[in-house]
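Numbering starts at 1 and runs along the sequence shown. Computed from a prediction, not measured in an experiment: that's the story for all the values here.
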Amino acid sequence: MPNFSTLTIAPDTANARVARLTLNRPERMNAITDAMPREIRQAVEWAQDNDDIHVIVVEGAGKGFCGGYDLNASAEQMIDHPCQQESFPWDPMVDFSTMKRNTDDFMSLWRCPKPTIAKIHGAAVAGGSDIALCCDLVVMADDARIGYMPTRVWGCPTTAMWTFKLGPVRAKQLMFTGDIIDGRTAAEWGLINLSVPAQELDGTAMKLAARIAGVPRSHLAMHKMVVNQVMQTMGLEQTQTIATLFDGITRHNPEGLWFRRYAQSHGFKAAIEWRDSGRPIPEGDDAREEIRRLGQPG
């Protein structure tokens with residue numbers, strides 16, 4: 001089996017036609033590091049090259065699926081990262097190239113000719129929801145949560161899968177509010193395929209995977225290609241390009257810089273609490289004044 005630092009992949013012990021790809025940073029809620037997107041792509045390619053495998057199930061170790069990007073330390077410190085540039089003016093194409101590569105890595109789950117199933121317990125939020133929604137099918141526990149809270153400030157979902165999977169009306173509701181929804185609601189809205197009690201999650205996901213795994217690989221590949229082609233014709237790639245560019249802007253415009261300075265001055269947890277509380281986010285000149293007041297950390 002291949003060895004990775006952020007995840008594992010191996011055939012299921014009960015069904016060698018199904019591979020389990022497990023995000024494996026449970027101590028950090030499987031938060032996304034710089035290495036994880038690359039390793040997801042490499043793990044998918046390994047499964048793709050293994051003729052015995054017909055289906056890939058993506059899951060998370062520990063208490064949840066994935067809590068998003070691992071931002072706690074970087075948000076609180078004055079670091080200079082392609083996606084959090086402290087220099088002025090910022091270089092949008094440096095940011096774009098980094099995040100577009102991550103988007104393309106997550107999309108390996110969508111491009112792979114073998115069906116992919118996300119199995120969500122706990123939470124799949126922010127960047128974690130990008131990983132889940134790049135999968136072809138999603139099965140959630142009733143009490144699991146999915147959403148993209150950074151749409152309130154400091155983020156735009158780069159894969160843009162919300163609209164393609166949910167439709168414009170519901171997608172706008174979640175993007176405008178940053179709200180999260182549980183598995184039952186996600187199933188009712190048509191975002192996911194199935195929502196089941198938590199104790200039934202693994203059995204339900206693996207039963208679905210086994211049912212699919214009985215179909216010849218060539219048939220699965222053709223059916224997936226047909227559906228994916230519809231999404232491509234609808235403008236998926238172009239939409240992801242603008243979403244990824246906008247993601248960088250949200251992290252470097254006045255509102256995004258205010259969020260970073262607030263996190264650096266008061267801690268990332270306090271910044272998250274403000275963001276998710278529904279309190280108005282300082283914007284424009286108000287944000288610039290707050291940035292001046294907060295000053296440079298340290």
- Query: Do T163 and T239 pass the side-chain contact (heavy atoms from CB on, under 4.5 Å) test, and can you show the C-alpha distance, the side-chain angles, and the key distance before you say yes or no?
  - Reply: CA-CA 10 Å; T163 301; T239 303; over 6 Å; no

- Item | Reference residue K114; test side chain to side chain contact (heavy atoms under 4.5 Å, CB included); the match among V55, I53, V44 | I53

- Message: Can a donor-acceptor pair be found, under 3.5 Å and without considering hydrogens, that links the side chain of R25 to the backbone of A31?
- Response: yes

- Mind checking what makes ring-ring contact (aromatic ring centres under 6.0 Å, His included) contact with Y262, not counting sequence neighbours? W258, H266, W274

- Query: Do T250 and D247 have side chains that get closer than 4.5 Å, going by heavy atoms?
  - Reply: yes

- Message: I'd like to know if E86 and R261 make a salt bridge, using a cut-off of under 4.0 Å between side-chain N and carboxylate O.
- Response: yes

- Is there a donor-acceptor pair under 3.5 Å between the side chain of T116 and the backbone N or O of D136? yes

- Query: Are side-chain N/O atoms of T185 and D182 paired as donor and acceptor at under 3.5 Å?
  - Reply: yes

- Task: Please answer whether the main-chain N or O of T159 pairs with a side-chain N or O of Q240 as donor and acceptor at a distance below 3.5 Å.
- Result: yes

- Task: Check each of V138, L109, L137 against I117 using the side chain to side chain contact (heavy atoms under 4.5 Å, CB included) test, and report the only one that passes.
- Result: L137

- Query: Sub-3.5 Å donor-acceptor pair from the side chain of N24 to the main-chain atoms of A61, do we have one?
  - Reply: no

- Item | Side chain H54, main chain D52, donor-acceptor under 3.5 Å | yes

- Task: To the nearest 0.5 angstrom, please state how far the CG atom of N50 sits from the CZ atom of R17.
- Result: 11.5 Å

- Below 4.5 Å, heavy atoms only, C-beta onward: do L191 and I181 meet side chain to side chain? yes

- Smallest heavy-atom separation, L23 atom then I131 atom, equals CD1-CD1, 4.4 Å

- Message: I'd like to know if the side chain of D142 reaches the main chain of G183, judged simply by a donor and an acceptor atom lying under 3.5 Å from each other, with no hydrogens or angles considered.
- Response: no

- For M206 and N15, what are the C-alpha separation, side-chain angles and deciding distance, and is it a side-chain contact (heavy atoms from CB on, under 4.5 Å)? CA-CA 9 Å; M206 298 311 292; N15 188 341; 5.8 Å; no

- Any donor-acceptor pair under 3.5 Å linking the side chain of H252 with the backbone of Q85? yes

- Query: Distance-only, no hydrogens or angles: does the E39 side chain make a donor-acceptor pair with backbone N or O of S5 under 3.5 Å?
  - Reply: yes

- Hey, any chance I242 and M175 share a hydrophobic cluster, counting ILVMFWY side chains that come within less than 4.5 Å of each other, even indirectly? no

- Message: In the structure I gave you, are the side-chain heavy atoms of F96 and T241 within less than 4.5 Å of one another anywhere?
- Response: yes

- Message: Looking at D51, is its backbone amide N or carbonyl O close enough to the side chain of R217 to form a donor-acceptor pair, meaning the two atoms are under 3.5 Å apart?
- Response: yes

- Item | L166 side chain reached by L174 side chain, heavy atoms, under 4.5 Å | yes

- State, with a plain yes or no, whether a side-chain heavy atom of M161 is found less than 4.5 Å away from one of D130. no

- Query: Is R288 salt-bridged to D285, cutoff N-O under 4.0 Å?
  - Reply: yes

- Are any of the side-chain heavy atoms of R41 and R111 separated by less than 4.5 Å? yes

- Query: R260 side chain to R251 main-chain N or O, any donor-acceptor pair under 3.5 Å?
  - Reply: yes

- Salt-bridge test for D276 and R152: reply yes if a basic N is under 4.0 Å from a carboxylate O, no otherwise. no

- Item | Within one Ile-Leu-Val-Met-Phe-Trp-Tyr cluster: W110 and M36, side-chain cutoff 4.5 Å | yes

